[in-house]
Q: 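Attaching a single structure in structure tokens format; questions to follow.
Whatever order the structure lists ligands and atoms in, that order sets their numbers, starting from 1. Since this is a predicted model, take the numbers as computed values, not measurements.
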Amino acid sequence: MLNKISNLEKIARILEPDSSQRKQWNDKVINYTDQFLDELNDLNAYNEKSNNGIGLLDFPIKEDGTDMSTLLKLIKEEVDYPALNAASAGHLAYIPGGGVFPTALGDYLADIMNNYAGVFFASPGAVRMENLLVRWMCNIMGYPKTALGNLTSGGSIANLIAVVTARDVKGIKAKKVEQSVIYITEQVHHSIQKAIRIAGLGDAVLRSVPVDDRFRMDVDQLEKIIAEDLAEGLNPFLLIASAGTTDVGAIDPLDALADIAETNDMWFHIDAAYGGFFVLDKEINKAYKGIERSDSITIDPHKGLFLAYGTGAILIKNVEALENSHQYSASYMQDAVNDMYEPSPANLSPELTKHFRGMRMWLPLQLFGLSPFIAALSEKILLTRYFYEEIQKVGFEVGPYPELSVAIYRYVPESGDANEFNARLVENVRSEGRVFLSSTTIKGVFWIRIAILCFRSHKEIVDVCLEVLESERDKLLASK
Ligand SMILES: *Cc1c(COP(=O)(O)O)cnc(C)c1O
């Protein structure tokens, strides 16, 4: 047996590379990422012509390892090249973010130390760091010091945690589900509907409240619908608003909605996954009045703080409510139950062992300070307004004035189907490659969107976008 152990040890020790091996790998990876960043300005935002990563299949997982250079080449061609270059300044679709460099360093540190950020007992520093970040976000939203929440993998899980917490606080057990009512608008992010279903509320009554001409929830209509529901003996328990819709960046009338939620004793959740950090802009801030009156807020640092993907957050005013829905004790956790100093993330979310995401957020905020983040956010707002004006000058029709950094627009040709024309236009812009745009359909009308939130997107790329839209439009018109 001792012989066997010793032989196995020899092979197992491959898992701990020595310092020269580490240096070699580090150098190769750093060379590759440095080159990527140095060339980023000249790289496409979208590469249409690729084999979609199929080459990865030629490298099955096998007994022996492969050298780093081969793997980096594979990663470059099969992972980093195809389709969307999400780090690109030209990523102006969906909701971009970019991935500020120190996020990677934060992950590197967190991954080497492998800090156990789930429970205070194991890593009080990591847990304090995460809770400090959550409290900072609570504070910028105007929540009291007692509020807390959790760093999640993204906005979808944050919304799920909010819906589950609301369900439990309002006592929506199985028997009550069919009489219970949730209010949203058609503009709500689809992760909300997903969360409702996953939370076992699929049979609840879901009311889509009409929106005004700027796609914001119509308060009078909401009141009317609630009154009707109450008259029918239903149980309104959850109101979900958006502070920055994904489609157009609309901010619902939060203060008025808070009144209604209060009057009707409903949980008031605000999905600010995209729009949350714009609260840091002194001017935009006014539109967020009332956000502090909500019960929970979803906010995505991998959007508005430009972190690499994998960091969202749920903020909950009443931390006990969050804890009641998510804590659990097990006998093998008996050493770890001491939350005397700080609540443990494991008791505030569905996760136990988790990525120490606090480090990837804390490090960039500490290194840069807040002011470049705020400047970048304010810049994106102004760039969107600039785009909104310029695109009209070249004959495009626009949607509502952008409240945040998303605008919708389309070209209406003199003849032919406008929806079809714009669908082809957005495809051709993607094929061209320098900018990546997405589209949406609102009330049967096809709109092209621009979402400016990558920290790398400055005026230069907005001008490129305008130029590409105009020239691809002209080409399409000429080919008709
Ligand atoms: C992006 C987004 C979500 C989903 O967040 P993920 O981080 O992608 O899971 C939810 N709501 C809104 C408004 C969003 O923009």
Q: Which residues pass the side-chain contact (heavy atoms from CB on, under 4.5 Å) test with Ser431, sequence neighbours left out?
A: Glu48
Q: Determine the interplanar angle of the Phe373 and Phe306 rings, folded into 0 to 90°, and report it as parallel if under 30°, tilted if 30 to 60°, perpendicular if over 60°.
A: parallel
Q: Can you see whether Asn235 engages Ser180 through a side-chain donor-acceptor pair at a distance of less than 3.5 angstrom?
A: yes
Q: Provide the full list of salt bridge (charged side-chain N to carboxylate O under 4.0 Å, His left out) pairs with a residue in residues 349-365, sequence neighbours left out, each pair given once.
A: Asp107-Arg360, Glu130-Lys354, Glu351-Arg357
Q: Show every donor-acceptor pair shorter than 3.5 Å between a side-chain atom in residues 190-205 and any protein atom, with sequence neighbours excluded, or say none if there are none.
A:
residue	atom	partner	partner atom	Å
Ser191	OG	Asn159	ND2	3.1
Ser191	OG	His189	ND1	2.8

Q: Could you please provide the protein residues found below 4.0 Å of ligand 1 on a heavy-atom basis, arranged by chain and number?
A: Ile95, Gly154, Gly155, Ser156, Asn159, His189, Ser191, Gly244, Thr246, Asp271, Ala273, Tyr274, Asp300, His302, Lys303
Q: Look only at the side chain of Tyr274 and the backbone of Ser405, and say whether a donor-acceptor pair between them is shorter than 3.5 Å.
A: yes
